[in-house]
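Notes for the one structure printed next.
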Amino acid sequence: MAHLTENPADKERFICLYPIYINSKKTLAEGRRIPADKAVENPSCAEIRDVLTAAGMNVYVENKMHPREWNRDVQFRGRVRVQVKQADGSLCQEKFTSRKDVMFYVAEMIPKLKTRTQKSGGGDTSSQQGEGGKKSKKKKK
């Protein structure tokens, strides 16, 4: 029996968010679910959780792996579950009508996190030059 419960407020019915869904380093075949230009570089479960908790969503993290995530690193582990609907079927928040909405919001907010804005001083630029082929095309536009 797939749905043990029809109640959207039950933890089983929360939507799943793997960091891989919004990882700009991944291709669609590797599990990314939003456009690369909207995605975030190597997001972590903690970041997704922080953003959604700050947005007032009901969130919890599970220690699960995305099947297409070959890297067993702790930083790539984890799955975030988010409650999108309340028990009566109404939305928890109007701006999150679908899992896509949640993904776009998270991907937009993670770069604004304090942990991100502090880190991305010098470290990021050097890593981007390594694979300059893809990145430089975007800058020309």
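Positions are given from 1, in the same order as the sequence printed here.
Scanning both residues, G78 and P19, for their nearest heavy atoms gives O-CD, 3.5 Å. The heavy-atom pair separating V106 from V51 by the smallest distance is CA-CG1, 4.0 Å. Residues R32 and S24 share a closest heavy-atom pair of CD-CA, 4.3 Å. When every heavy atom of A107 is checked against every heavy atom of A39, the shortest pair comes out as CB-CA, 4.4 Å. Contact detail for F96 and L91: the closest heavy-atom pair is O-CD2, 3.5 Å. When all heavy atoms of N42 and E47 are compared, the closest pair comes out as O-OE1, 4.2 Å.
Within the 3.5 Å criterion, the main-chain N or O of A55 finds a donor-acceptor partner in the side chain of Q93. In terms of modelled atom types and a separation under 3.5 Å, the side chain of N23 and the main chain of K25 share a donor-acceptor contact. T53 places a side-chain N or O within 3.5 Å of a backbone atom of R49 that can act as its donor or acceptor partner. Between the side chain of R81 and the main chain of E12, a donor-acceptor pair closer than 3.5 Å is present.
If you take OG on S44 and CG on D50, they are separated by 7.5 Å, rounding to the nearest 0.5 Å. Here CD of Q83 is found 12.0 Å from CG of L52. Values are rounded to the nearest 0.5 Å. Between K26 atom NZ and Y21 atom OH the span is 13.0 Å, to the nearest 0.5 Å. Atom CD1 of I15 is separated from atom CZ of R99 by 5.5 Å, given to the nearest 0.5 angstrom. Within the model, atoms NE2 of H66 and CZ of F76 stand 13.5 Å from one another, a figure rounded to the nearest 0.5 Å.
Electrostatic pairing of R68 and E30 does not count as a salt bridge here, judged by no charged N lying under 4.0 Å from a carboxylate O.
Screening R79, R77, K11 against E62 for a side chain to side chain donor-acceptor pair (under 3.5 Å) leaves a single residue, R79. With P43 as reference, I22 is the one residue of L17, L113, I22 to meet the side chain to side chain contact (heavy atoms under 4.5 Å, CB included) rule.
Shown here is K100, whose NZ atom has no more than 12 heavy atoms of other residues, nucleotides or ligands within 6.0 Å.
V40 and V80 fall within the same hydrophobic cluster, where Ile, Leu, Val, Met, Phe, Trp and Tyr residues are linked whenever their side-chain heavy atoms come under 4.5 Å apart, directly or through other members.
With a 4.5 Å cut-off on side-chain heavy atoms, F104 and S98 do not count as touching. The shortest side-chain heavy-atom distance between K95 and Y105 falls under the 4.5 Å cut-off.
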